[in-house]
Amino acid sequence: CIASKGDIYYEVVTEGVSAHASVPEEGVNAIYKMAKIIEAIQAFSKKLEERRHRLLTPPTISVGTIEGGTITSMVPDHCRITVDRRILPSETPEEGKRELEDLIEELRKRDPGLKARVRILMEALPMEVSEDEEVFRAMQRAAEKVLGYKPSPKGFTAVCDAQVLVNQAKTPTVIFGPGSISQAHKPDEYVEIGEVVEAAKIYALTALSLLS
């Protein structure tokens, strides 16, 4: 893989006014306000499907956590969500933040009492290198010797340390290894032993090629 998406975590917080739950009209329910934002994010996720990259699937957005309120008998004066946004190499964390802020601003036109703020919690940038880089060509040749066919360049849907090497260390990097992302982060995660052996051979042949 010579390209991967970035992964940005955003925090969205809504503010309300607390009140006794027996007189909810005296307060402003921050969770209700957040519900509107969550619906807007879900609708926005469909629009992201229209964006394209030659190697990567479209960008995504997903609400990962939600918390709010203090006790059941009290109108909540705060609500907080965290949002996972996978960005393409053509996008930036700040652009993703502005898109969330734009969604909130549109909601505010219909609900002037909506109080919400967005901030970036974590960012792992996207990466992309040319298939003309020698490290890719060397690995492609090595893989062809071991596997019997020449693998084509692909995109990586998840995030790994390649983004640090490419973006910060300015080092051309290829993402390669045994296993499948479809088996990751779930019960009974595993890697086929045969793939581990093949990968070791490809690593060795790649190193020999680059050092010769």
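The minimum heavy-atom distance linking Ile37 with Leu114 is given by the pair CD1-CD1, 4.3 Å. Between Pro58 and Arg51, the closest heavy-atom pair is CB-O, 3.5 Å. When all heavy atoms of Gly6 and Val159 are compared, the pair lying nearest together is C-CG2, 3.9 Å. Minimum interatomic distance between Leu56 and Gly155 (heavy atoms only, all atoms of both residues): CD2-CA, 3.5 Å. Counting all heavy atoms, side chain and backbone alike, Pro153 lies closest to Ile2 at CB-CD1, 3.6 Å. For the residue pair Ala40 and Leu103, the shortest heavy atom distance occurs at O-CD1, 4.1 Å.
Atom CD of Gln42 sits in a sparse spot, with 12 or fewer heavy atoms from other residues, nucleotides or ligands closer than 6.0 Å. In this structure, Ile71 places its CD1 atom where more than 12 heavy-atom neighbours from other residues, nucleotides or ligands lie under 6.0 Å away. Within 6.0 Å of atom CG in Asp111, more than 12 heavy atoms from other residues, nucleotides or ligands are found, so the atom counts as buried in its surroundings.
With values rounded to the nearest 0.5 angstrom, Ile81 atom CD1 is found 4.5 Å from Met34 atom CE. Separating the CD1 atom in Ile104 from the CZ atom in Arg117 is a distance of 10.5 Å, to the nearest 0.5 Å. The CD1 atom of Ile41 lies 11.0 Å from the OH atom of Tyr10; values are rounded to the nearest 0.5 Å. Taken from CD in Glu67 to NE2 in His78, the straight-line distance is 7.0 Å, to the nearest 0.5 Å.
Applying side-chain hydrogen bond (donor to acceptor under 3.5 Å, both in side chains) to Glu128 and the options Gln163, His53, Lys5 leaves one that passes, His53.
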> Between Glu198 and Lys201, is a salt bridge (Lys or Arg N to Asp or Glu O under 4.0 Å) present by the stated rule, with each step listed?
Replying inline: CA-CA 5 Å; Glu198 289 176 337; Lys201 293 177 181 179; over 6 Å; no
> side-chain contact (heavy atoms from CB on, under 4.5 Å) between Val63 and Thr82: does it pass, once the steps are laid out?
Replying inline: CA-CA 6 Å; Val63 176; Thr82 56; over 6 Å; no
>> Would Glu39 and Lys36 count as a salt bridge (Lys or Arg N to Asp or Glu O under 4.0 Å) here? Give the steps.
In response: CA-CA 5 Å; Glu39 287 183 353; Lys36 297 176 182 179; over 6 Å; no
> Which is it for Glu91 and Arg98 under the salt bridge (Lys or Arg N to Asp or Glu O under 4.0 Å) test, yes or no, and what are the steps along the way?
Replying inline: CA-CA 11 Å; Glu91 301 176 302; Arg98 283 196 297 272; over 6 Å; no
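A salt bridge links Lys97 and Glu101; the closest N-O separation between the charged side-chain nitrogens and carboxylate oxygens is under 4.0 Å. Ion pairing between Arg54 and Glu131 holds under the 4.0 Å rule for side-chain N and carboxylate O. A salt bridge is defined here as a Lys NZ or Arg NE, NH1 or NH2 lying under 4.0 Å from an Asp or Glu carboxylate O, and Arg141 with Glu144 fails to meet this definition. A salt bridge links Asp84 with Arg86; the closest basic N to acidic carboxylate O contact falls under 4.0 Å.
With sequence neighbours left out, the ring pair (Phe, Tyr, Trp, His ring centres under 6.0 Å) criterion links Phe176 to Tyr203.
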